[in-house]
Amino acid sequence: MPADHRLTRIVATIGPATISPARLRLMVAAGMDVARLNMSHGDASFHRRAARAVRAAGRSLGRIVGLMADLQGPKVRFGDFGQAVPIRRGMPLVLTVRPAAADPERGVLPVDYPHLPREAEPGHEILVGDGAVRLKVRRVRGERVYCTVIEGTEISPRTGFHLPQAKPHGPALTAKDRRDLTLAVELGVDAVALSFVRTGEDVALARRLLRRRGSEALIVAKIETPQALDNLDEILAAADGVMVARGDLGVALPPERVPVEQKRIIEAATASGKPVITATQMLESMRYATRPTRAEASDVANAVWDGSWALMLSAETATGHHPVEAVRMMKRIIEAAERRLFKLPRRRRAPGPVPVSEGIAEAATWIAFDVGARAIVALTRSGATARQVARFAPSLPVYGYTPNREALGRMTLYRGVVPRPLRMQRTFSAAIRAVNADLKRRGEARRGELVVILGGSPDEPLGVTNRLVVHQIR
């Protein structure tokens with residue numbers, strides 16, 4: 001069994017606190033499975049440096065570490081108007097999309113979002129920053145949106161804001177996103193996270209752009225707007241996975257709705273058999289402290305019990321004072337939570353016929369449980385077979401053996417899957433012999449123990465899983 005057998009993956013954001021090769025090596029050793037490159041911060045040079053260092057750290061420790069590029073999306077911000085403007089309840093404010101018309105001293109503030117007058121309507125709320133500042137739209141005239149302050153003390157330049165009730169008119173992918181997508185493909189990322197996804201077509205657009213650039217990277221749709229919640233089923237159908245992006249979701253929704261929607265998103269992703277990442281402020285206090293609060297530890301554990309495939313650290317590792325300790329602590333909480341998980345594999349919820357690959361994956365998890373197998377082995381070219389097994393949440397290690405270098409990185413997001421390289425074998429029997437030798441060499445299976453192996457014949461089309469063997473280690 002691998003030394004670090006966790007079902008739940010750890011995604012950690014790379015930033016100024018973690019860019020050094022020595023620090024990244026410590027983070028990989030501590031349990032980081034996927035490194036997140038936040039395209040909202042840092043330039044191309046920073047992200048190239050980070051990607052090289054992450055790959056090098058993984059190689060030095062003999063681990064496959066995934067790379068995920070997180071696109072900024074159509075971020076809506078105030079313009080640059082110098083110093084913060086003090087505000088008070090009941091005060092009138094005017095937002096203008098024409099910077100030359102701004103006059104902060106008279107309460108006329110510029111916004112870097114040309115679609116604001118088309119989207120804002122009387123009665124709509126505008127939530128600034130983390131929602132501590134709230135404005136209500138009174139009327140819209142030409143390039144100006146007239147508002148009244150509901151609560152708040154000041155508005156700073158370049159602060160982001162949200163219109164939770166508005167129907168967006170801007171593009172799903174901005175010009176910056178398209179440039180960052182090109183950079184992400186250059187860096188060979190394994191996954192791309194899309195911000196402010198609204199519909200399945202937003203995901204389809206990103207996939208077309210990736211394919212044109214020759215990338216098969218996974219697309220993770222961030223669920224952080226009311227529109228995304230309304231269209232969750234079609235987004236899940238179009239995407240390879242989803243992220244519960246609780247930061248912006250918590251601004252757009254009342255606080256009491258966030259945990260309810262978190263559970264709904266995880267349940268929907270679980271039913272569809274796709275990865276789901278729970279993110280934002282999981283160990284927020286560890287930006288400064290060496291230990292999390294009890295509430296944060298419970299939050300991490302509950303996200304595991306809900307069925308998250310991965311948990312994400314953001315500022316804790318990007319700019320925090322204790323990034324390695326944050327990864328190590330998250331790993332400890334995950335391991336403690338998983339010891340209390342129900343050990344039976346999941347069953348698919350939908351009755352009736354299913355694709356052969358899915359049926360064999362489910363059968364493999366139950367046969368492995370029934371015969372007391374040491375592990376499950378998925379022989380896969382694209383990584384899809386390993387993902388199919390992961391959806392049934394077996395408590396055993398799942399080794400994803402593949403000759404495809406890109407598939408190795410994609411599998412780092414799959415629940416409980418350990419990616420392993422394997423040269424292309426001419427027959428299914430030859431692949432079993434190669435796996436047998438590799439598991440013995442690594443000390444992960446002993447002579448006489450059972451492993452359940454599933455996959456397709458080398459001469460079968462890509463994506464066909466039609467064989468299942470209970471193999472005794474020789």
Side-chain angles (χ1 to χ4, degrees), residues 2 4-14 27-28 31-38 51 54-55 58 63-71 184 187-194 197 203 206-207 210 215-223 235-236 238-245 265-266 268-270 272-280 282 303-304 306-314 317 327 330-331 334 338 361 378 380 382-394 397-402 404-421:
D4 178 15
H5 174 51
R6 278 174 294 111
L7 302 179
T8 311
R9 308 290 89 187
I10 296 175
V11 181
T13 304
I14 308 305
M27 288 177 65
V28 173
M32 178 177 73
D33 300 293
V34 178
R36 171 183 175 243
L37 306 178
N38 186 355
V54 168
R55 299 294 195 201
R63 287 192 59 200
I64 307 295
V65 182
L67 268 180
M68 181 173 72
D70 194 332
L71 303 185
L187 298 178
V189 301
D190 306 297
V192 173
L194 300 183
V197 171
V203 178
R207 195 178 300 282
L210 279 173
S215 174
E216 296 291 328
L218 301 176
I219 296 179
V220 177
K222 295 167 69 175
I223 308 300
I235 290 171
L236 267 170
D240 300 301
V242 293
M243 181 189 297
V244 188
I265 296 165
I266 294 173
T270 298
S272 68
K274 295 187 177 180
V276 53
I277 305 169
T278 301
T280 315
M282 303 225 70
V304 171
D306 284 344
S308 300
W309 286 36
L311 307 181
M312 194 173 93
L313 295 165
S314 300
T317 54
V327 174
M330 179 166 273
K331 177 186 171 186
I334 288 171
E338 289 181 349
T380 179
S382 67
T385 302
R387 180 181 65 80
Q388 288 282 17
V389 175
R391 74 179 297 181
F392 298 107
V398 178
Y399 296 103
Y401 280 91
T402 181
N404 183 347
R405 185 179 64 83
E406 288 76 17
L408 287 169
R410 291 194 290 268
M411 286 190 285
T412 58
L413 270 176
Y414 297 162
R415 189 180 189 275
V417 174
V418 181
R420 287 283 162 79

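The backbone N or O of Val28 lies less than 3.5 Å from a partner atom in the side chain of Arg63, making a donor-acceptor pair. Although no hydrogens or angles enter the test, the distance criterion places no donor-acceptor pair under 3.5 Å between the side chain of Thr380 and the main chain of Thr402. Arg36 places no side-chain N or O within donor-acceptor distance of the main-chain N or O of Asp70, the cut-off being under 3.5 Å. No donor-acceptor pair under 3.5 Å is formed between the side chain of Glu338 and the backbone N or O of Val304.
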TODO: Apply side chain to side chain contact (heavy atoms under 4.5 Å, CB included) to Val65 and Thr412, showing your working.
DONE: CA-CA 7 Å; Val65 182; Thr412 58; 5.9 Å; no
- [ ] Under the side chain to side chain contact (heavy atoms under 4.5 Å, CB included) rule, what do Leu313 and Met32 come out as? Steps first, then yes or no, please.
- [x] CA-CA 10 Å; Leu313 295 165; Met32 178 177 73; over 6 Å; no
Open item on the list: Could you walk me through whether Asp306 and Val276 satisfy the side chain to side chain contact (heavy atoms under 4.5 Å, CB included) test, starting with their C-alpha distance in whole Å, then the side-chain angles of each, then the deciding distance to 0.1 Å, before giving a yes or no?
Closed with: CA-CA 11 Å; Asp306 284 344; Val276 53; over 6 Å; no
TODO: Apply side chain to side chain contact (heavy atoms under 4.5 Å, CB included) to the pair Val398 and Phe392, showing each step before the final yes or no.
DONE: CA-CA 11 Å; Val398 178; Phe392 298 107; over 6 Å; no
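The CD1 atom of Ile14 sits 10.5 Å away from atom CE of Met68, with the distance rounded to the nearest 0.5 Å. Rounding to the nearest 0.5 Å places OG of Ser308 at 12.0 Å from CG of Leu7. A distance of 5.5 Å separates CD1 of Ile334 from CZ of Arg6, quoted to the nearest 0.5 Å. Between the CE atom of Met411 and the OH atom of Tyr399 there is a distance of 13.0 Å, given to the nearest 0.5 Å. Residue Arg410 holds its CZ atom at 13.0 Å from CD1 of Ile64, rounded to the nearest 0.5 Å. Distance check, rounded to the nearest 0.5 Å: CE of Met312 to CD1 of Ile10 gives 13.0 Å.
When all heavy atoms of Val220 and Ala191 are compared, the pair lying nearest together is CG2-CB, 4.5 Å. When all heavy atoms are compared, the tightest approach of Ala390 to Tyr414 is CB-CB, 4.4 Å. Counting all heavy atoms, side chain and backbone alike, Thr270 lies closest to Gly307 at OG1-O, 4.2 Å. Nearest heavy-atom pair, Gly273 versus Arg387, reported as atom, atom and distance to 0.1 Å: O-NH1, 2.8 Å. Closest heavy-atom contact between Lys222 and Ala193: CD-CB, 4.1 Å. Contact detail for Ala238 and Arg207: the closest heavy-atom pair is O-NH2, 2.9 Å.
Between Val54 and Leu37 the shortest side-chain heavy-atom distance does not fall below 4.5 Å.
Here the options are Leu311, Leu413, Val244, the test is side-chain contact (heavy atoms from CB on, under 4.5 Å), and the partner is Ile277; only Leu413 passes.
A salt bridge does not link Arg415 to Asp33: none of the charged side-chain nitrogens sits closer than 4.0 Å to a carboxylate oxygen.
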